[in-house]
2 protein chains.
Amino acid sequence: MTERRKAFPTSEELRIWRDFIETTEALRAELASRLQAESSLSPGDYVVLLALSEAEGRRLRPSELAARIGWERSRLSHQVRRMERRGLVRREECAVDSRGAEVVLTDEGAAAFANASRPHLRAIRELFVHPLSEDDLAATERITSALRNGLMAGRGA
Amino acid sequence: MTERRKAFPTSEELRIWRDFIETTEALRAELASRLQAESSLSPGDYVVLLALSEAEGRRLRPSELAARIGWERSRLSHQVRRMERRGLVRREECAVDSRGAEVVLTDEGAAAFANASRPHLRAIRELFVHPLSEDDLAATERITSALRNGLMAGRGA
DNA sequence: CGGTAATGATTGACGCGTCAACAAGTCGCC
DNA sequence: GGCGACTTGTTGACGCGTCAATCATTACCG
């Protein structure tokens, strides 16, 4: 308790921080690059296709879809526009709410997701699960949770 | 060793992965948003200004600068163009190599970095260091290192 | 030397993400 | 019914990142 009022990280803490943020960034980039190379899909494409695949009738209202994957509506709208151009999804009007729309998974989109899924999961295993021991994995869970709590507190307070 | 040949992550492992990647992403976004709000700087601005601040004579050749922060030259070139427009850095011709250039930190850029630095370090402490125990921090270091090794192996092999 | 390769740096095109503005529809409530 | 408030969804502008192409200069080497 001699350091309770410390305002800045020590250089040791800063080193750990930099390693952490650079490594997670590199991991993200490597996964994205493999996904792109193997399936011509971006991470954004993937999460949208995943959500639609799991949805009732392979279709969702944009707002609902955005909520499920934790995106802003605007971001989703841009993403859907790009995906529609490539035939992965289709927009339809919504019967019950004339403002609304529906995003529908096309057969092409479903096929693209099916092809992407296995190599992507393999890559997650190879680059994330495999390098970590069981203890590491448990520690990751604890750390993730602590950081998430810190974020909540930081945004709320 | 009953699972050595497993190709895909279990749903438990997948959950940990998703939490991990979403949380690190949220952390990155929160830091970026605070930096922007407090100092009108992007993370890219910050690392460039940091590198130039520490450089001999507050100036660096683009290639050298890119190497120090681990960026591609092209990315840096775009970044410098944007920063030059805002007066944070200046481009000069290089005396010893007529192909080359030099990126020079302006007084404005130095001031912007000085103003940004303290709140940014405070935010890193608040959102990363503080939520983690000493053990967590040590575990983070181990995990980071394991993931980095996994990346090396994955890219090389 | 002279020509080819390598290096330094930039650019343009394009995908992605955020923010603010906007159009259009629905809801609540008198 | 009608009017204001909220919701749904889209768009445009702009910053950011990657990739491939380009140009100028320097280095290598036969």
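Chain naming here is simple, since letters A, B, ... match the order of the sequence lines and numbering starts at 1 in each.
Relative ring orientation between A/Y46 and A/H120 is described as tilted, the plane-to-plane angle lying within the 30° to 60° band.
Separating the CZ atom of A/R28 from the P atom of C/dC16 is a distance of 12 Å, rounded to the nearest angstrom. A straight line from CG of B/L41 to P of D/dG15 spans 14 Å, rounded to a whole angstrom. Straight-line distance from the CD atom of A/Q36 to the C1' atom of C/dG15: 9 Å, rounded to whole Å. As a whole-Å value, the separation of B/E92 CD from C/dT10 P is 13 Å. Rounded to a whole Å, the CG atom of A/D97 is 19 Å from the P atom of C/dA23.
A/R90 and A/T106 share no side-chain donor-acceptor pair at under 3.5 Å. Looking only at atom types and distance, the side chain of B/Q79 has a donor-acceptor partner in the side chain of B/D45 under 3.5 Å away.
Counting heavy atoms from C-beta outward, B/L14 and A/L121 have side chains that approach closer than 4.5 Å.
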Checklist entry - For B/R15 and A/E141, what are the C-alpha separation, side-chain angles and deciding distance, and is it a salt bridge (charged side-chain N to carboxylate O under 4.0 Å, His left out)? => result CA-CA 9 Å; B/R15 184 181 58 71; A/E141 206 176 353; 2.7 Å; yes
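A heavy-atom distance below 4.0 Å to DNA chain C is reached by these residues of residues 56-89 of chain A, ordered by number: A/E72, A/S74, A/R75, A/H78, A/Q79, A/R82, A/R85.
Side chain of B/A101, nearest nucleotide from C/dA9, D/dT10, C/dC16: C/dA9.
Looking at which nucleotide of DNA chain C each of A/S98 and A/P43 is closest to, the 5′-most match is held by A/P43.
A salt bridge does not link A/R81 with A/E84: none of the charged nitrogens is closer than 4.0 Å to a carboxylate oxygen.
For D/dT8, its base never sits under 3.5 Å from the side chain of A/R99 at any donor and acceptor pair.
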